[in-house]
Q: 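Handing you this structure, nothing more for now.
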Protein chains: 2
Amino acid sequence: MTRAPQKRRLETRAKLLTVAKTIVATQGYSALRVEDVVAHAGVAKGTFFSHFGDKDGLLAVILGARMTEFLDEMEATPPPTHPEDIAIRLTPMLDFVAQDRVIFDLLLRYSGTTGAEVDAVITESFTRQITMFAGWIAQMQAHGQIRADRDPALLAEGIQAFLNHVLALGFCMEHEKQPPAQALAPFLSCWLVR
Amino acid sequence: MTRAPQKRRLETRAKLLTVAKTIVATQGYSALRVEDVVAHAGVAKGTFFSHFGDKDGLLAVILGARMTEFLDEMEATPPPTHPEDIAIRLTPMLDFVAQDRVIFDLLLRYSGTTGAEVDAVITESFTRQITMFAGWIAQMQAHGQIRADRDPALLAEGIQAFLNHVLALGFCMEHEKQPPAQALAPFLSCWLVR
DNA sequence: GATAAATAGTGACCGTAGTCAATTTATTAG
DNA sequence: CTAATAAATTGACTACGGTCACTATTTATC
């Protein structure tokens, strides 16, 4: 049977996370180097990988926490009552993801995993997000604001698809950069209204 | 002004491409190593990068050619007359992209670029695809098969979004693997019919 | 406390993408 | 034909993620 982690291990992990978060905060996600993290944390490289599996594992922990914060905020505010509101609610999260390609890539990669270990945080935040969307949709359907002839789960997944689409577009076309939330609007209105 | 490339350069480029295509054909995209390519082509590493910029540049050339083939085939066959037909038309291309994560990642990365140099092939194939979708849609709208209250361009972009969505899902969830074209169907029907 | 077993940590080493000053080869001008 | 210039190629070198056999530390057993 598996033993509980020792105090020392928890401290090491905390050290690594603190250093990583500092680097991310000061230099951004794409500037994060495993070698810098271990150097500043004063541990060996192997230790890093024994804790997080790989670089993405660390990023998943940090990003998962951030996503959870966004979800908490969204669930704390009243749900949108019109399709146009959805894009507004999502703006902070979209702007966050749009800020760095690294974030988007990692989220996309983990977006539908069955969530094995460390990265479970991200997986969970995704299912939570879809569930939240479905809740919004059911509500709006009940109030006759949007089409009611489809399963909220399908419509929720569709929103996710459009989210990723506008984010991907934002990274590709440097020109004519409208904010992602704005690009999202026409898709949502078409997707939810018949 | 820029001079035309010398014969030697074209030969080198052809050699590199031939070797790369062979490796891809026998071992798959994810097994491609720049070092193997240059070794088999009998040129130095720097030469590779002077030709393709980076590894993705080479992949873009190869993938761009493949995508163009798919588009040629699709344009050679009569356009779909019903939403359900769309998924069927797309099946070969979807299966191809779904076969290897490397393909999907690269396509996604280049999907909306303004297309500077080498990678222009991919960019072009994307705009061509969207245009083709829009054509299909306009046709179906004219025949009253699908909703006609939205711009074909928007609906075409939406299809692209769903394409990427089902592909991404397919890579994440190893379990319950339905073919991408099948996963696409419900989204298309909801997206195009009101 | 001694010793065995499990857990934590180490750092030299590897694989592979990408860089660039130097060199070789082709083209043009006189 | 030769010198000057431009194009093409070279390969040693760097950056960085990731591995693993080994050492060190903690915990359990008697």
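The chains referred to below are lettered A, B, ... by the order of the sequence lines, with proteins before strands, and numbering in each begins at 1. Since we're looking at a predicted model, the values are computed, not measured.
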Q: So which heavy atom on B:K15 is nearest to which on B:A41, and how close?
A: CD-O, 3.5 Å

Q: Rounding to an integer number of Å, can you tell me how far B:R8 CZ sits from D:dA6 P?
A: 17 Å

Q: Find out whether the Lys NZ or Arg CZ of B:R109 is both under 6.0 angstrom from the six-membered ring centre of A:F171 and within 45° of the ring's axis.
A: no

Q: Take B:Q160 and A:H165, measure what side-chain hydrogen bond (donor to acceptor under 3.5 Å, both in side chains) needs, and give me the verdict at the end.
A: CA-CA 8 Å; B:Q160 186 68 54; A:H165 181 72; over 6 Å; no

Q: For B:K15 and D:dT10, give me the distance from atom NZ to atom C1', rounded to whole Å.
A: 13 Å

Q: Closest approach to the side chain of B:R3, judged atom by atom: which nucleotide of D:dA7, D:dG17, D:dT10 is it?
A: D:dA7

Q: When you measure from the side chain of B:K45, which nucleotide among C:dG11, C:dA17, D:dT9 comes out closest?
A: C:dA17

Q: Which of parallel (below 30°), tilted (30 to 60°) and perpendicular (above 60°) describes B:W191 and A:F162?
A: tilted

Q: Name every residue in residues 23-36 of chain A that has at least one heavy atom under 4.0 Å from any atom of DNA chain D, in order of residue number, or write none if there are no such residues.
A: A:L32, A:R33, A:V34, A:E35

Q: Just to be sure I understand the rule, does A:S50 reach a base, reach only the sugar-phosphate, or reach nothing, if contact means heavy atoms closer than 4.0 Å?
A: nothing

Q: Side chain of B:R9, heavy atoms from C-beta onward: which of D:dG18, C:dG9, D:dA8 has the nearest atom to it?
A: D:dA8

Q: Does B:R128 count as lying over the ring of B:F126, i.e. NZ or CZ under 6.0 Å from the six-ring centre, within 45 degrees of the axis?
A: no

Q: Any side-chain N or O of B:H51 under 4.0 Å from OP1/OP2 of D:dA8?
A: no

Q: By nearest heavy atom, map A:A44 and B:F49 onto DNA chain C; which one lands nearer the 5' end?
A: A:A44

Q: Would you kindly compare A:K7 and A:D54 by the position of their nearest DNA chain D nucleotide and give the one closer to the 5′ end?
A: A:D54

Q: Please name the pair of heavy atoms, one in A:Y29 and one in A:I62, separated by the smallest distance, quoted to 0.1 Å.
A: OH-CG2, 3.9 Å

